[in-house]
Amino acid sequence: MQPSDVAGLNAHFAVPEHISFMDGPGGLAVADIKNGYATARVVLQGGQVAGYEPKGAEPVLFVSGAAIYAAGKAIRGGIPVCWPWFGPHPTDATKPQHGFARSMLWSVDGTRVIHGDATQLQLVLVDSEATRALWPYPFGLRLIVTVGSELLVVLVMQNRGPDAFTCGSALHSYFRVSDVANITVDGLDGRSYIDKLAGGEHKLQAGPVTISEETDRIYLDTAGVCVIEDSGCQRRIRITAGGSRSTVVWNPWQAGARRMADFGDEEYTSMVCVETANASPDVVTVPGGGEHTLSTRINVEL
Ligand code: TA6
């Protein structure tokens with residue numbers, strides 16, 4: 001039985017020196033993780049990692065100071081879970097952008113200490129009348145968040161029905177950087193990408209990705225490791241993808257920032273999204289009774 005209140009969650013799932021639950025901004029239940037390696041926060045709504053700070057390091061994930069914390073709304077930042085489609089719904093513009101998983105309430109399915117001192121939280125989301133109204137398939141999602149010297153986020157998507165389904169997905173990670181104009185994203189050299197700001201034109205990446213304008217690209221057939229080189233913070237953020245064939249790089253720049261009510265006009269300078277995904281032609285077909293696992297492993301190298 002999933003306790004719906006924070007007191008019940010703590011009674012069932014709190015682990016001293018590792019994880020407890022509290023009411024966060026907007027009354028949203030938050031898992032508060034603190035261990036010998038790092039601190040982190042996971043909002044149960046959306047199964048959204050909303051913070052990760054290795055001991056002695058600056059916050060790794062960006063969360064907007066203008067983020068709106070309200071039922072049914074994904075927080076602007078952290079790692080929103082985009083599923084079962086990425087971007088606009090392929091055929092019905094009335095359906096929510098990036099699917100429904102990021103705005104629904106997930107249930108806590110377990111907490112434990114692993115690898116000596118890392119903290120693991122497992123959340124689940126299963127189909128309901130509300131999801132079936134948007135997407136007619138029985139499913140089970142499991143999000144496994146492991147907080148230690150690295151952050152590992154694993155999304156297991158199960159097809160609980162007899163018929164195959166095809167889904168798009170992304171762990172839509174927002175990373176905090178010193179100045180987006182002074183970073184590079186390595187690991188995408190030679191890859192083709194869909195430039196969403198050029199009518200979906202396919203282009204080829206030459207060398208590291210640099211950002212000096214609004215950028216919204218879906219890199220295809222990506223190899224799995226990207227590195228954000230941030231000389232301003234004197235650190236590298238290594239992003240290792242699993243079960244993913246696409247990498248999305250996004251920065252709204254000035255005009256895009258102004259279009260978002262939950263994003264500060266100047267905040268585009270201190271963030272970049274490098275998203276572990278299966279999007280556009282890389283969507284995944286999961287057979288009836290089958291499953292697919294998407295994961296992103298985040299390491300900070302000083
Ligand atoms: O991942 C990049 C993107 O698809 C952009 O096109 C932009 O829309 C961004 O996601 C944020 O989407 P959201 O629905 O969270 O505002």
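Counting convention: from 1, in listed order, for ligands and their atoms alike.
With sequence neighbours left out, the salt bridge (charged side-chain N to carboxylate O under 4.0 Å, His left out) criterion links Glu229 to Arg236.
Using modelled atom types, one finds no donor on one side chain facing an acceptor on the other under 3.5 Å when comparing His292 with Asn159.
Contact shell of ligand 1 (protein heavy atoms, cutoff 4.0 Å): Arg76, Phe86, Gln97, His98, Arg102, His172, Lys196, Asp216, Val248, Trp250, Glu275.
A salt bridge links Glu301 with Arg238: at least one charged nitrogen is closer than 4.0 Å to a carboxylate oxygen. Using a 4.0 Å cut-off between charged nitrogen and carboxylate oxygen, Arg191 and Asp189 do not count as a salt-bridge pair.
By the 30° and 60° cut-offs, the orientation of the rings of Phe100 relative to Phe139 is tilted.
Here the shortest heavy-atom pairing between Val42 and Gly47 reads CG1-C, 4.3 Å.
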